[in-house]
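Here is the structure we will look at, set down as structure tokens.
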2 protein chains.
Amino acid sequence: MKNSTKSRGRKPRQEAVPVDVIRRLSLYLRNLRNLREAGRGRVSSEEVAGPFNLSPAQFRKDLSWFGRFGKSGVGYEAEALSEEIMRIIGTDQSWNVAVVGVGEMGGALLKYPGFDQSNFNLAAAFDNNPAKIGRTINGVKIVDIADAPLTIKNCGIKVAILTVNRDAAQAAAELMVKCGVRAILNFAPCRLILPETICVSNMDVSCELETLVCRLRHRLLRKGMQ
Amino acid sequence: MKNSTKSRGRKPRQEAVPVDVIRRLSLYLRNLRNLREAGRGRVSSEEVAGPFNLSPAQFRKDLSWFGRFGKSGVGYEAEALSEEIMRIIGTDQSWNVAVVGVGEMGGALLKYPGFDQSNFNLAAAFDNNPAKIGRTINGVKIVDIADAPLTIKNCGIKVAILTVNRDAAQAAAELMVKCGVRAILNFAPCRLILPETICVSNMDVSCELETLVCRLRHRLLRKGMQ
DNA sequence: ATATGTGAATCCTTTCACAGCC
DNA sequence: GGCTGTGAAAGGATTCACATAT
């Protein structure tokens with residue numbers, strides 16, 4: 001009965017950064033942008049973390065995974081810190097991203113203005129519907145998914161957003177992996193079975209809604225981040 | 001310096017259910033549906049939790065927050081367990097949900113077929129754009145947000161999905177709260193400042209994308225659920 | 001005086017392992 | 001034999017508190 005299933009029971013004792021640390025870095029970064037737009041040059045850990053109901057100590061511990069970025073007794077330079085966090089996350093460079101499946105959700109993402117200010121560049125859109133192939137949405141031409149290998153290679157795409165329906169998700173994901181995609185943001189309401197080397201994150205509306213309404217009846221224990 | 005900010009440093013020592021438990025229950029529930037559709041009547045904790053890279057022990061501990069639902073040496077009845085979990089979450093009853101802001105994302109959600117099989121019923125859509133008010137999307141009539149109080153009261157809406165743009169999000173959220181909404185699923189890329197009694201969950205595409213690409217460089221420590 | 005960075009302590013979550021039951 | 005339910009143990013994450021730096 002022991003060591004039965006896959007690799008779940010391992011004890012790697014590795015010095016790996018917890019993924020929640022990165023998720024918080026991403027929040028800090030957004031807040032830093034706001035603070036800078038509000039004219040703040042120097043900021044404290046309380047100012048950066050407080051709005052998310054996270055403690056200043058948490059902020060400092062999170063950063064300490066990667067180095068020392070503040071001045072004792074003074075605080076942090078908002079701009080320099082932003083750049084450091086972007087370097088840590090990897091968004092100091094630009095990323096070409098593919099949208100796979102131009103249905104309602106895929107179309108909405110292609111038109112989403114939030115990416116304009118980011119270093120994520122929606123560089124390609126794929127679909128298998130002949131009625132959609134060749135059309136252009138917000139400057140992005142919809143390409144036959146059969147031609148995905150070439151496009152992905154040409155654009156150097158490593159990240160895909162999966163917005164196909166549930167039944168098509170697994171096959172589409174496998175195709176992306178075969179084309180060289182290494183990270184997938186999955187909007188389909190199912191789990192993808194992919195090699196462990198591929199990074200997957202799920203945006204699960206049903207799951208979030210269910211969690212929300214459950215919090216309405218039970219008083220649940222959250223942990224910051226709102 | 002101590003006891004400085006809000007209520008962050010409390011030690012409530014309460015027997016509150018962690019929100020992650022609920023998030024996993026939601027996943028188990030989905031898998032149970034799949035297992036039932038595949039004809040399985042009786043299932044084991046391994047079968048239910050395994051596909052999410054969660055351990056059988058975790059599944060049993062999660063359930064133990066709420067009671068005892070299995071038979072020793074046998075397993076669980078898939079259908080009965082589904083109903084129990086739905087009762088725990090609260091989706092044994094139907095929920096009317098409002099979509100606030102019928103832009104690209106709001107429209108996509110209104111047309112999203114995933115809600116058909118769920119107990120979430122998109123009962124109302126609000127916008128402030130006269131060109132949209134009065135139109136119908138997927139059977140849902142778009143109502144002037146000025147008339148939200150009446151609609152929300154009539155439909156008994158307690159949950160809203162916020163799909164307005166960032167600058168409008170805080171005001172729209174406050175309006176919803178004033179109308180009696182108690183839970184908000186926020187798609188806008190910002191944090192909402194609301195009374196603690198209101199439940200908020202954020203669907204944050206940028207944050208997830210950043211976390212994903214960060215995982216491409218650093219080998220991060222995830223904890224199941226994929 | 002003030003705020004960082006970080007070991008130590010605390011708190012929480014997950015896993016282990018086994019008694020109990022089918 | 002096989003699987004659940006659950007205390008106990010192990011492992012992680014958060015908070016404390018203070019030495020340190022400006």
Side-chain angles (χ1 to χ4, degrees), chain A residues 1-24 28 42-50 52-78 80-81 84 220-225, chain B residues 1-24 28 42-50 52-78 80-81 84 220-225:
Chain A
M1 183 55 50
K2 52 190 61 168
N3 216 348
S4 55
T5 49
K6 302 172 208 167
S7 60
R8 214 188 297 116
R10 292 218 202 102
K11 292 169 188 172
R13 182 49 45 118
Q14 55 188 328
E15 272 300 304
V17 182
V19 72
D20 280 348
V21 170
I22 306 302
R23 203 162 270 126
R24 288 193 295 265
Y28 303 146
R42 183 175 291 166
V43 296
S44 70
S45 50
E46 167 64 34
E47 284 177 288
V48 181
F52 306 108
N53 269 42
L54 297 165
S55 73
Q58 176 103 76
F59 171 80
R60 298 197 300 268
K61 251 303 196 275
D62 287 343
L63 280 185
S64 78
W65 283 91
F66 302 99
R68 312 173 61 166
F69 307 102
K71 277 194 175 66
S72 283
V74 177
Y76 303 83
E77 294 298 326
L81 183 57
E84 291 285 3
L220 299 186
L221 191 67
R222 293 175 296 129
K223 49 171 176 181
M225 273 217 257
Chain B
M1 182 56 50
K2 52 190 59 166
N3 215 350
S4 56
T5 50
K6 301 175 210 168
S7 60
R8 214 188 295 115
R10 292 217 200 101
K11 292 170 187 169
R13 180 53 44 121
Q14 54 188 328
E15 272 300 306
V17 182
V19 71
D20 280 349
V21 171
I22 306 302
R23 203 163 269 126
R24 287 192 295 265
Y28 303 147
R42 183 175 290 168
V43 296
S44 69
S45 50
E46 167 63 35
E47 283 177 290
V48 181
F52 306 107
N53 269 41
L54 297 166
S55 72
Q58 176 106 75
F59 171 80
R60 298 198 298 270
K61 255 290 196 285
D62 287 342
L63 280 185
S64 77
W65 284 91
F66 302 99
R68 313 174 61 166
F69 307 101
K71 278 193 173 66
S72 284
V74 177
Y76 304 83
E77 295 298 327
L81 182 57
E84 292 284 2
L220 299 186
L221 191 65
R222 293 175 297 126
K223 49 173 177 181
M225 275 216 256

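Side chains included, hydrogens not; waters and symmetry mates left out as well; all remaining heavy atoms used.
- Rounding to whole angstrom units, CH2 of residue A/Trp65 and C1' of D/dT14 are separated by 12 Å.
- Contact annotation: the side chain of A/Phe59 never approaches that of A/Glu47 to less than 4.5 Å [non-hydrogen atoms, C-beta and beyond].
- As a whole-Å value, the separation of A/Leu63 CG from C/dT6 P is 11 Å.
- The phosphate of D/dG5 has OP1 or OP2 within less than 4.0 Å of a side-chain N or O from B/Tyr76.
- For the pair B/Ile22 CD1 and C/dT13 C1', the computed distance is 15 Å after rounding to whole Å.
- Not a single donor-acceptor contact under 3.5 angstrom links the side-chain atoms of A/Lys71 to the base of C/dG5.
- Summarising the geometry, the separation between CD on A/Glu84 and P on C/dG5 is reported as 11 Å, rounded to the nearest angstrom.
- When heavy atoms are screened at a 4.0 angstrom cut-off, B/Arg60 is found touching base atoms of the nucleic acid.
- Between A/Phe66 and A/Val21, the closest side-chain pair of non-hydrogen atoms falls below 4.5 Å.
- To the nearest angstrom, C1' of C/dT14 lies 16 Å from CZ of B/Phe59.
- A close approach under 4.0 Å does not occur between any side-chain nitrogen or oxygen of B/Arg42 and OP1 or OP2 of D/dT4.
- Residues B/Leu63 and B/Leu81 meet the side-chain proximity criterion, which asks for heavy atoms closer than 4.5 Å.
- Separating the CZ atom of A/Phe66 from the C1' atom of C/dG5 is a distance of 16 Å, rounded to the nearest angstrom.
- Nearer to the 5' terminus of DNA chain C, by closest-nucleotide assignment, is the contact made by A/Gly73 (compared with the other of A/Gly73 and A/Ala57).
- Nearest approach of A/Pro18 to A/Trp65, heavy atoms of both residues: CD-CZ2, 3.4 Å.
- Taking 4.0 angstrom as the limit, A/Gln58 places a side-chain polar atom (N or O) nearer than this to OP1 or OP2 of D/dT15.
- Side-chain atoms of B/Ser72 lie closest to C/dC21 of the nucleotides C/dT4, C/dG7, C/dC21.
- Closest approach of A/Ser55 and A/Ala49 over heavy atoms only: O-CB, 3.8 Å.
- Separating the CG atom of A/Asn53 from the C1' atom of D/dT14 is a distance of 14 Å, rounded to the nearest angstrom.
- In this entry the distance linking NZ of A/Lys61 with P of D/dG12 reads 16 Å, nearest Å.
- In the set C/dT4, D/dT4, D/dA13, the nucleotide with an atom closest to the side chain of B/Ser45 is D/dT4.
- Nearest nucleotide to the side chain of A/Arg24, out of D/dT6, D/dT14, D/dT15: D/dT14.
- Taking only side-chain nitrogens and oxygens, B/Ser64 never comes nearer than 4.0 Å to OP1 or OP2 of D/dG5.
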